[in-house]
Amino acid sequence: MLEHPGDWTRTDYCGELRSEDIGRDVVLMGWVQSNRDHGGVIFIDLRDREGLVQVVFSPQVSGAVHEKAGALRDEWVIAVRGKVTSRSPETVNKNLPTGEIEVVAGEVRILNTSKVIPFLIEDDINVDELLRLRHRYLDLRRPFMRDNIITRHKTVTATRNFLNGAGFLEIETPYLTRSTPEGARDFLVPSRLNPGEFYALPQSPQLLKQTLMVSGFDRYYQIVRCFRDEDLRADRQPEFTQIDLEMSFVREDDIMNVVEGILKSIFSEAAGIEIETPFPRMKYDEAMLRYGSDKPDTRFGLELEDISGIFRDSQFQVFSCALKKGGIIKALNLKGRAGDLSRKEIDDLGEAAKSLGAKGLAWIRVSDGEWQSPILKVFSDQEKEDLKNALRLEDGDIVFFAADTPHIVNMVLSHIRLELGEKLGLIDHGRFNFLWVEEFPLLDYDPAEKRYVAMHHPFTSPREEDIHLLDEADKSGIRSRAYDVVLNGVEIGGGSIRIYRKDVQEKLFKAIGLTDEEARAKFGFLLEALEFGAPPHGGIALGLDRIVMLITGADSIRDVIAFPKTQKGACPLTEAPSPVDTAQLLELGIKLDVKEKKK
RNA sequence: GGAGCCGUAGUUCAGUCCGGUUAGAACGCUGGCCUGUCAAGCCAGAGGUCGCGGGUUCGAGUCCCGUCGGCUCCGCCA
């Protein structure tokens, strides 16, 4: 029954035929999307990368061809030779770009059959993701997924075009490199030629791109795979792609200009969206204060308010104790929307807060001038008055409070803010709000290790006027020259102006508790390079997967990666990772010490 | 490492709270009918290790314990 394509040459993509093509003889090849057999006339929707076209098989044209068409099933691969004809006005399909025409088949060749597919090749299916990943080749036939992959291609193309035009050189760096202890856990690759030693896959080409600046390449970029052996999230995969760049003799503004240019070009060319530049900027401290997050979604208000001052001497132990331990109290006033939340929904928010680590989520609802709240009794009259003024409380408002460490309060309330924003439709999903977040703290105190750690990475430059603070005991106030670019509450990139002087670099290593020897052992080659005429330089890395996710409206970066991993880091299609032969391990000098996994 | 949700025909789900005859529905699939549909329609049919293991019970999809897997989040992570 199967036939070869023979001497047929495809003339057109199914999805590209239009009324201009009426009268042409065409040869199409593609997949049977659906099959509508009326006993007499048979309609086939034929699909390829560019879309669908209706093919008509009529017994009047050819009895044999019509009979063959009757055997066709979904997802079979066929070649059709026929004539493009116009549809009569009442049979035009306005939902299809090809809906004004159809192809009347004169001949058909069945090139391949298909087993019955496990899920429909359509958008808006609701199928277990495991099944989609196991049959990814089918999942990628769905228009949404196909378009995502195409948008990704356009994004990469736009980026290359822009950067090439801006004087950047694309330079590759090795994937087999050395392990660097700071930052994420490395993926390791054993070295057969050096038994007992390992390469590491790069978490990012950070050190090497800085080295390229010392080499004098001036402007580098790379669209590069990075690897981090950490737990997965909806926006985090163990391997992901960065638009990585570095520039010499620049300040923050120079990098930001380039990034704005890249993003403008990406949005225009991959999505047909013209975005406004320059992007607004916000200091880290302000972002944390107003949104409780270093990546605020600025598409809606509902900002946090710090009301710690009101409860400094409160009788309410939960609040005053939190403050005495160095905590804070913040509130979210959902103005005028109290009526939109049922008691159950309020309780659910409380449960969500608890699962995030809060002890609870207090609330006050104002209706008809009355305050309703489980904790109403504990407030003094003065506190009520202060609250009313601070939060501008009015009828119809509902306020949520959290009192805890700054980290918990900000984390919990920023989550609640996003959940309320989504639930109550405060977010305009058609908007793209870009934001630069700048002046991150340089260092973060790690109570577990009792030392400061670099918040970004240890090559990030402090602000020039803050360098002297590296010698002080309290290093928490040192501001860095790091910046993040945030889109709709998603961090899509981060970078910094780097340290280029040995003396500053040494001070910083000292500040994070690294001895000279340790620093040499870990980053030796870069430190040495910095001693041979390193230019001032800086750069950034943009998360390609996240950018494409936001452009396409995907819920997860898995939907913009052709072959992603599950939360356990597995690929259901290839069944990676997998055990290997003992012989392979022997060759590498590796002996396993793993608890036997029950199968 | 931790919290939550989920796992029942090919697929999506109902049934699980409150154990009891032959586990249902829709879509898909198979066969038949049908000459203008486009989520085609009508008729008929097939299709189940209720994720896996153990326990309680006269009896388990349903209750208990464990385990595997998927998703979301915290921790972790540019």
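All values below were derived from every heavy atom in this structure, side-chain atoms included, with hydrogens, water molecules and symmetry-related copies excluded. Per chain, numbering begins at 1; letters A, B, ... match sequence-line order.
Taking the six-membered ring where the residue is Trp, His135(A) and Tyr137(A) present perpendicular rings, their angle passing 60° and hence far from 30°.
The separation of G45(B) from A26(B), taken at their P atoms, amounts to 13 Å, rounded to a whole angstrom. Atom C1' of G48(B) sits at a distance of 14 Å from the matching atom of U11(B), rounded to the whole Å. Spacing between C5(B) and U57(B) at atom C1', rounded to whole Å, works out to 30 Å. To the nearest whole angstrom, the two P atoms, one in G10(B) and one in G51(B), are 13 Å apart. Comparing the P positions of C63(B) and U8(B) gives an interatomic distance of 16 Å, to the nearest angstrom. Using C1' as the reference atom, A60(B) and C50(B) are 11 Å apart when rounded to the nearest Å. Nucleotides C64(B) and G75(B) have their P atoms positioned 31 Å apart, rounded to a whole Å. Comparing the P positions of A46(B) and G24(B) gives a spacing of 13 Å, expressed to the nearest Å.
On a pure distance criterion of 3.5 Å, no polar donor-acceptor pair joins the side chain of Arg558(A) and the base of C71(B). The base of G36(B) sits with one of its N or O atoms less than 3.5 Å from a complementary donor or acceptor on the side chain of Glu102(A).
Defined by atom type and a distance below 3.5 Å, a donor-acceptor pair is missing between the side-chain atoms of Gln33(A) and Arg141(A). Using modelled atom types and a 3.5 Å distance limit, the side chains of Tyr220(A) and Asp244(A) yield a donor-acceptor pair. A donor atom on one side chain and an acceptor atom on the other are not found under 3.5 Å apart for Ser293(A) and Arg417(A).
Every residue two or more places apart in sequence or in another chain that forms a side-chain contact (heavy atoms from CB on, under 4.5 Å) with Asp559(A) is listed here: Arg132(A), Phe144(A), Met145(A), Asn148(A), Ala554(A).
For the OP1/OP2 pair of U72(B) and a distance below 4.0 Å, the side-chain nitrogens and oxygens of Gln567(A) include at least one atom meeting the criterion. The side chain of Lys568(A) places no N or O atom within less than 4.0 Å of a non-bridging phosphate oxygen (OP1 or OP2) of G70(B). Between U30(B) and Arg73(A), a contact under 4.0 Å exists linking OP1 or OP2 to a side-chain N or O. The phosphate of G75(B) (OP1 or OP2) has a side-chain N or O of His407(A) nearer than 4.0 angstrom. Taking only side-chain nitrogens and oxygens, Arg233(A) comes nearer than 4.0 Å to OP1 or OP2 of C74(B). Within the 4.0 Å cut-off from OP1 or OP2 of G70(B), at least one side-chain nitrogen or oxygen of Thr566(A) is found. Here Ser58(A) does not reach the OP1 or OP2 of U35(B): none of its side-chain N or O atoms lies under 4.0 Å away. Residue Arg36(A) places at least one side-chain N or O under 4.0 Å from the OP1 or OP2 atom of A40(B). In terms of phosphate contacts, His66(A) brings no side-chain nitrogen or oxygen within less than 4.0 Å of OP1 or OP2 of U35(B).
What separates CG of Asp348(A) from P of U72(B) is a distance of 20 Å, to the nearest Å. Atom pair His415(A):NE2 and A3(B):P shows a separation of 18 Å (rounding to whole Å applied). In this structure, CE of Met455(A) is placed 12 Å from P of C77(B), rounded to the nearest angstrom. Taking atom CG of residue Asn35(A) and atom C1' of nucleotide C29(B), one finds them 13 Å apart after rounding to whole Å. Distance Asp45(A) CG to G36(B) C1': 13 Å, rounded to the nearest Å. Rounding to whole angstrom units, CZ of residue Phe43(A) and P of G41(B) are separated by 14 Å. For Asp235(A) and C76(B), the CG to P distance is 16 Å, given to the nearest whole Å.
Within the 4.0 angstrom heavy-atom criterion, base atoms lie near His456(A). No engagement by Asp229(A) is indicated, since no non-hydrogen atom pair under 4.0 Å with the nucleic acid exists. Counting non-hydrogen atoms under 4.0 angstrom, Asp74(A) reaches the backbone sugars and phosphates but no base. Note on Asn93(A): a base of the nucleic acid sits closer than 4.0 angstrom, heavy atoms only. Using a 4.0 Å heavy-atom distance criterion, Glu351(A) is classed as making no nucleic acid contact.
Within a 6.0 Å radius of OH in Tyr199(A), other residues, nucleotides and ligands contribute 12 heavy atoms or fewer.
At a non-hydrogen distance threshold of 4.0 Å, Pro118(A), Asn126(A), Val127(A), Asp128(A), Glu129(A), Leu130(A), Leu131(A) from residues 117-138 of chain A come into contact with RNA chain B.
Using a cut-off of 4.0 Å between Lys/Arg side-chain N and Asp/Glu carboxylate O, Lys295(A) and Asp484(A) are scored as not salt-bridged.
Checking C71(B) for Watson-Crick or G-U wobble geometry (two distances, each under 3.5 Å) identifies G4(B) as its partner.
For Gln54(A), counting side-chain heavy atoms from C-beta on, the closest listed nucleotide (C34(B), U35(B), C38(B)) is C38(B). The side chain of Thr91(A) lies closest to C38(B) when the candidates are C77(B), C71(B), C38(B). Taking only side-chain atoms of Ala234(A), from C-beta outward, the nucleotide of U37(B), U35(B), C73(B) with the closest atom is C73(B). For Leu356(A), taking side-chain heavy atoms from C-beta onward, the closest of the listed nucleotides C74(B), U37(B), A40(B) is C74(B). Here the side chain of Glu230(A) is nearest to one of A40(B), C74(B), C76(B), namely C76(B).
Between Tyr483(A) and Leu232(A), it is Leu232(A) whose nearest contact on RNA chain B lies nearer the 5' terminus.
In this pair, His38(A) does not lay its aromatic ring on the base of G36(B); centres under 5.5 Å and planes under 30 degrees do not both hold.
When every heavy atom of Ala403(A) is checked against every heavy atom of Val409(A), the shortest pair comes out as C-CG2, 3.8 Å. Closest of all the heavy-atom pairs between Cys14(A) and Gly51(A) is CB-O, 3.8 Å.
Tested against Thr173(A), the residues Gln206(A), Gln222(A), Lys209(A) include a single side chain to side chain donor-acceptor pair (under 3.5 Å) partner, Gln222(A).
Residues Lys330(A) and Asn410(A) are in side-chain contact: their nearest non-hydrogen atoms beyond the backbone lie under 4.5 Å apart.
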